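Structure record follows, encoded as structure tokens.
Computed from a prediction, not measured in an experiment: that's the story for all the values here.
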Amino acid sequence: EVQLQASGGGLVQAGGSLRLSCAGSGFTFDDTAIGWFRRAPGQEREGVSCINNSDGTTFYADSVKGRFTISSDNAKNTVYLQMNSLKPEDTAVYYCARGRTGTKWFNSYWSVPIMYSTWGQGTLVTVSS
């Protein structure tokens, strides 16, 4: 059974850092993509970042570029999202998901939720001002 487990959320002051983890089971990370999404209260789900291990590419939303870094430890089947210089507007529930990398144009549409087949439960990140 394919499963994803996100963890690492918490409460942090503005300017602080958190590292989220997404642990997977039932599949290997070597040839798949893992994306991070977030949903703030009253807002749509937003693609934050993605790492495509099949070709080594990474992607970031403009709102997090330069502050967030995604990485993958394929031996541990875990993807990390290092979040630095956090802002109150980063407050949201963060989800990780497995990408449909066999889909043509996946990289072009990495931030679109339908490009992902399996979702983990969310982890709450709260940034206080």
Side-chain angles (χ1 to χ4, degrees):
E1 181 183 5
V2 174
Q3 290 185 324
L4 291 167
Q5 176 91 17
S7 61
L11 173 64
V12 64
Q13 287 189 328
S17 299
L18 280 174
R19 188 177 78 159
L20 304 184
S21 299
C22 175
S25 60
F27 67 102
T28 58
F29 275 33
D30 301 52
D31 58 358
T32 193
I34 299 294
W36 283 99
F37 288 76
R38 66 186 180 188
R39 175 173 279 164
Q43 295 189 22
E44 296 289 322
R45 187 169 34 179
E46 174 192 17
V48 174
S49 183
C50 174
I51 184 164
N52 188 344
N53 287 320
S54 67
D55 61 14
T57 51
T58 58
F59 307 93
Y60 298 94
D62 287 344
S63 57
V64 306
K65 276 181 184 175
R67 301 188 298 122
F68 290 12
T69 302
I70 192 169
S71 62
S72 183
D73 185 336
N74 293 345
K76 295 182 179 180
N77 258 26
T78 300
V79 165
Y80 303 99
L81 185 68
Q82 178 67 43
M83 306 187 297
N84 298 329
S85 303
L86 283 162
K87 305 175 181 179
E89 50 264 43
D90 294 318
T91 294
V93 177
Y94 284 71
Y95 303 87
C96 61
R98 181 190 181 194
R100 304 178 193 267
T101 47
T103 304
K104 196 176 181 182
W105 302 313
F106 173 84
N107 286 356
S108 298
Y109 296 98
W110 70 269
S111 64
V112 179
I114 199 171
M115 300 302 286
Y116 296 81
S117 57
T118 304
W119 293 78
Q121 93 297 347
T123 185
L124 177 62
V125 172
T126 303
V127 184
S128 62
S129 57

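Taking hydrophobic clusters as Ile, Leu, Val, Met, Phe, Trp and Tyr residues chained together by side-chain heavy-atom distances below 4.5 Å, Met83 shares a cluster with Val48. Linking ILVMFWY side-chain heavy atoms closer than 4.5 Å, directly or via other members, places Phe37 and Phe106 in a single hydrophobic cluster.
A cation-pi arrangement, defined by a distance under 6.0 Å to the six-membered ring centre and an angle within 45 degrees of its axis, is absent between Arg39 and Trp119.
Side-chain contact between Tyr95 and Val93 is present, with at least one heavy-atom pair separated by less than 4.5 Å. Side-chain atoms of Met115 and Cys50, non-hydrogen and from C-beta on, never get closer than 4.5 Å to each other. Taking 4.5 Å as the limit, some side-chain heavy atom of Val64 sits within range of a side-chain heavy atom of Arg38.
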Which donor-acceptor pairs under 3.5 Å do the side chains of residues 121-129 make with protein atoms, sequence neighbours left out?
from, atom 1, to, atom 2, distance (Å)
Gln121, NE2, Ala6, O, 2.7
Thr123, OG1, Gly9, N, 3.0

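The CZ atom of Phe68 sits 14.5 Å away from atom OG1 of Thr58, with the distance rounded to the nearest 0.5 Å. Atom-to-atom distance recorded for Ser117:OG and Arg98:CZ is 5.5 Å, nearest 0.5 angstrom. Expressed to the nearest 0.5 Å, how far CG of Asn107 lies from CG of Asp55 amounts to 5.0 Å. Taken from CD1 in Ile70 to CG in Leu81, the straight-line distance is 6.0 Å, to the nearest 0.5 Å.
The disulfide bond (SG atoms under 2.5 Å apart) check on Cys22 picks up Cys96, with sequence neighbours excluded. Scanning for ring pair (Phe, Tyr, Trp, His ring centres under 6.0 Å) contacts around Phe59 gives Trp110, with sequence neighbours left out. Listed by chain and number, the residues in a ring pair (Phe, Tyr, Trp, His ring centres under 6.0 Å) with Trp36 amount to none (sequence neighbours excluded). Take Phe27 and apply the ring pair (Phe, Tyr, Trp, His ring centres under 6.0 Å) test, not counting sequence neighbours, and it matches Phe29. A search for salt bridge (charged side-chain N to carboxylate O under 4.0 Å, His left out) contacts involving Glu89 returns nothing, not counting sequence neighbours. With sequence neighbours excluded, no residue forms a side chain to side chain donor-acceptor pair (under 3.5 Å) with Tyr116. Judged as a side chain to side chain donor-acceptor pair (under 3.5 Å), and not counting sequence neighbours, the contacts of Ser54 are Asn52.
Screening residues 65-84 for side chain to side chain donor-acceptor pair (under 3.5 Å) gives Ser17-Asn84, Asn53-Ser72, Asn53-Asn74, Asp62-Lys65, Arg67-Asp90, Ser72-Asn74, Gln82-Asn84 as the qualifying pairs, with residues at least two apart or on separate chains. Within the structure, salt bridge (Lys or Arg N to Asp or Glu O under 4.0 Å) contacts touching residues 14-34 (residues at least two apart or in different chains) do not occur.
The two residues Leu86 and Leu18 come nearest to each other via the heavy atoms CD1-N, 3.8 Å. Closest approach of Arg100 and Ile114 over heavy atoms only: NE-O, 3.0 Å.
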